[in-house]
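So the structure is just underneath, and the comments pick up after that.
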Amino acid sequence: MESSRRDFLKKGSLLAIAGIGAQFLSNNIAKAASSLVEEDKFSVFKLDPLPYSYDALEPHIDKQTMEIHYTKHHQAYVNNLNAALKDGKIESSLDDLLKNTAKYSLAVRNNAGGHWNHTFFWKSMAPNAGGSPKNTEFLSAIDASFGTMESFIARFEETAAKRFGSGWAWLIKTPDNKLVISSTPNQDNPLMDVATEKGRPILALDVWEHAYYLKYQNRRAEYVKAWWNLVNWEVVTQRFQGI
Ligand code: MN
């Protein structure tokens with residue numbers, strides 16, 4: 001009796017050990033498989049860290065606007081992009097996806113644009129920035145396209161003001177290397193195959209109400225004027241140079 005009980009316990013332990021082993025193996029196989037799948041379809045776009053604190057752009061853009069804009073709006077574009085891509089075919093990167101937006105659903109177009117545009121917008125600004133660009137090659141290109149820096153600023157502000165509803169104002173470099181001011185509706189951008197004016201973005205301004213309404217309410221023009229104090233011309237110049 002005693003011996004058969006011991007035997008029973010021994011067998012039970014062995015079975016338990018085997019069970020743990022099997023569980024361990026299957027967990028690891030599942031892990032390996034899921035990382036392969038993730039790599040393959042890379043459908044997990046992520047929110048990059050904001051390059052400064054939420055209050056760093058005060059007083060021109062207030063802390064609460066920055067926090068909501070980044071943690072709610074931008075995060076939602078990332079989440080919705082990942083969700084939308086699960087239903088369809090995926091290109092190899094966000095940039096490729098933008099070049100082929102016509103092939104995708106409106107949800108992919110809106111959220112891929114939203115993710116790209118905001119990442120670009122955060123990097124276009126910095127605390128204690130503003131002023132004027134220093135690079136002479138960039139300044140000459142501005143002069144060649146717009147006459148003077150002042151008239152570039154005036155035309156950019158006009159474009160931002162005229163965007164009806166939600167959208168963006170851009171400075172882009174066209175395929176023939178000209179600087180052009182353009183505007184896109186919603187979350188479209190100049191990298192998209194569906195854009196009216198295509199080019200490589202150099203500078204972007206978000207003119208959706210969520211970008212300014214808490215502080216400026218309906219006064220978009222005031223927000224746009226204040227925003228020049230935040231433009232990171234160093235980064236903008238690097239983009240112009242293709243760095
Ligand atoms: Mn926005």
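Whatever order the structure lists ligands and atoms in, that order sets their numbers, starting from 1.
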Partners meeting ring-ring contact (aromatic ring centres under 6.0 Å, His included) with His115 (sequence neighbours left out): His74
Please verify the inter-ring angle class for His118 with Trp168; under 30° counts as parallel, over 60° as perpendicular, anything in between as tilted. perpendicular
Lys215 side chain to Ile61 main-chain N or O, any donor-acceptor pair under 3.5 Å? no
For the Mn ion (ligand 1), every protein N/O/S atom that sits closer than 2.8 Å, waters excluded: His69 NE2, His118 NE2, Asp206 OD2, His210 NE2
Kindly state whether the ring of Tyr212 and the ring of Trp227 have centres lying under 6.0 angstrom apart. no
Nearest heavy-atom approach of Pro127 to Leu57 is N-CD2, 3.8 Å
Strictly below 4.0 Å, N to O, side chains only: are Glu157 and Lys225 in salt-bridge contact? yes
